[in-house]
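Here the structure is laid out as structure tokens; the discussion comes afterwards.
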Amino acid sequence: MGLGSTLIAVKTDGDPDRGGDVSIRTVAPPASGETMPGKPADPAAVAATTAALPGTGSVYRTARTEIGVAGLQGGAPLVAYEGDTAGSRHTMVEGRWFGATGEAVAATRFLRATGLRVGESVALSEQGRPVRVRIVGEVFDLGDRGMALRTTFATLAAIQPRYMPGDFTVTVAPGTDPAEYAERLNAAVTPLGARAAVTEAGKSSVIRAMQALIVMLTVMLVVVACLGVFNTVVMDTRERVRDLGVHKALGMTPRQTVVQVLTSVGGIGLVAGALGVPLGVALHHWVMPAMGRASGATIPPADIDVYGAPLLAFLAAAGVVIATAGALLPAGWAARTSTARALRAE
């Protein structure tokens with residue numbers, strides 16, 4: 001398992017395999033014509049040097065290749081891990097992350113394509129050399145078309161896969177400045193034939209576009225709901241304008257008029273929130289798994305059960321807020337209407 005242009009990613013959170021939120025990530029390989037100093041890097045030397053550097057939290061190496069899978073035409077992508085993989089774990093749908101030689105985890109689509117289940121074994125091969133691994137977990141993974149298999153380097157030692165260029169990922173210790181650490185790391189591993197470089201990482205453009213669309217749709221729904229309340233309250237207030245005139249003649253103040261109009265819709269908003277939130281959560285729990293099945297993946301419960309008690313209470317209270325916001329203008333109009341004019345209204 002040789003290692004040529006070794007790249008080292010310094011991160012503070014997330015997983016580069018799954019494109020999560022990382023503060024610093026691996027940059028592209030050296031530009032055309034630029035060579036790495038010395039001979040190809042020794043993975044063991046790079047790992048040892050990185051682990052010994054002050055400020056290192058954990059280090060693990062990953063490498064990608066294509067491997068033959070029994071019963072699967074064309075093989076499948078394989079990601080091999082070496083080192084402290086605690087920071088690399090994906091969200092588990094079923095089972096657990098691999099922890100010993102001969103164990104592997106797979107994405108949902110891989111399991112469906114091969115007809116395998118968690119706990120069963122599958123034969124892998126490389127140029128006629130076979131090895132058998134046991135699937136101990138199903139991971140939520142949409143990368144590599146959802147067909148990736150993940151295991152340890154030790155599991156693949158018997159079949160000696162072809163050249164697998166690797167990446168090292170480093171999690172810095174708490175209180176360590178990642179930029180300063182990356183400079184020291186680069187100085188330490190460059191003589192070994194490796195290179196550490198960093199770029200600021202953020203959310204992908206697809207995620208940003210989806211979030212912007214969600215925000216826009218939410219704002220539009222809130223505006224439409226407020227306009228619906230506004231229309232209803234305007235009509236109701238005009239129908240009861242004579243009653244308001246009588247109340248004003250008996251001593252009702254403008255402030256009390258506003259309170260009366262707002263409380264008349266606030267109760268309805270509270271009931272709407274109390275009924276709408278459970279229905280919305282139930283719909284969410286039905287739609288999300290259906291979306292996952294349509295994309296060939298199983299969305300784990302951790303990514304579906306995202307509504308905690310504080311958020312649910314806030315959403316329920318939002319019904320009152322929307323009702324009040326929609327009724328403010330009609331309430332103000334009712335408060336400003338003179339008693340004589342209100343009494344003359346038919």
#### Entry: R109 (side chain) donor-acceptor with R145 (main chain) under 3.5 angstrom
yes

### Exam field: side chain T263 to backbone G266, donor-acceptor pair closer than 3.5 Å
no

### Query
Would R61 and Y81 count as having a side-chain donor-acceptor pair, cut-off 3.5 Å?
no

### Query
Where do T155 and E103 land on the side-chain hydrogen bond (donor to acceptor under 3.5 Å, both in side chains) test, with the steps shown first?
CA-CA 7 Å; T155 300; E103 296 180 344; over 6 Å; no

### Query
Within the distance-only criterion (no hydrogens, no angle test), does the side chain of T190 pair as donor or acceptor with the backbone N or O of A187 below 3.5 angstrom?
no

### Query
Under 3.5 Å, is there a donor-acceptor pair between the side chain of S264 and the main chain of V261?
yes

### Message
For a 4.5 angstrom cut-off between non-hydrogen side-chain atoms, does L328 reach F230?
### Response
no

#### Entry: Atom CZ of R96 with >12 non-hydrogen neighbours under 6.0 angstrom
yes

### Task
Under the side-chain contact (heavy atoms from CB on, under 4.5 Å) rule, what do V122 and V69 come out as? Steps first, then yes or no, please.
CA-CA 7 Å; V122 61; V69 180; 3.7 Å; yes

### Message
Side chains of V136 and W97, heavy atoms from C-beta outward: is any pair under 4.5 Å?
### Response
no

### Task
Could you check if a side-chain atom of L149 sits within less than 4.5 angstrom of a side-chain atom of V79, using non-hydrogen atoms only?
no

### Task
Indicate yes or no for a side-chain donor-acceptor contact from T176 to the backbone of A173 under 3.5 Å, with no hydrogens or angles considered.
yes

### Query
Given side chains that start at C-beta, do those of R150 and D141 come closer than 4.5 Å, heavy atoms only?
yes

### Message
Testing the basics here: between A76 and F110, what is the closest heavy-atom pair and its distance to 0.1 Å?
### Response
CB-CE1, 3.9 Å

### Task
Report yes if the side chains of E94 and P300 come closer than 4.5 Å at any heavy-atom pair, otherwise no.
no

## Note on the structure
V59 and T56 have their tightest heavy-atom pair at CG2-CG2, 3.4 Å

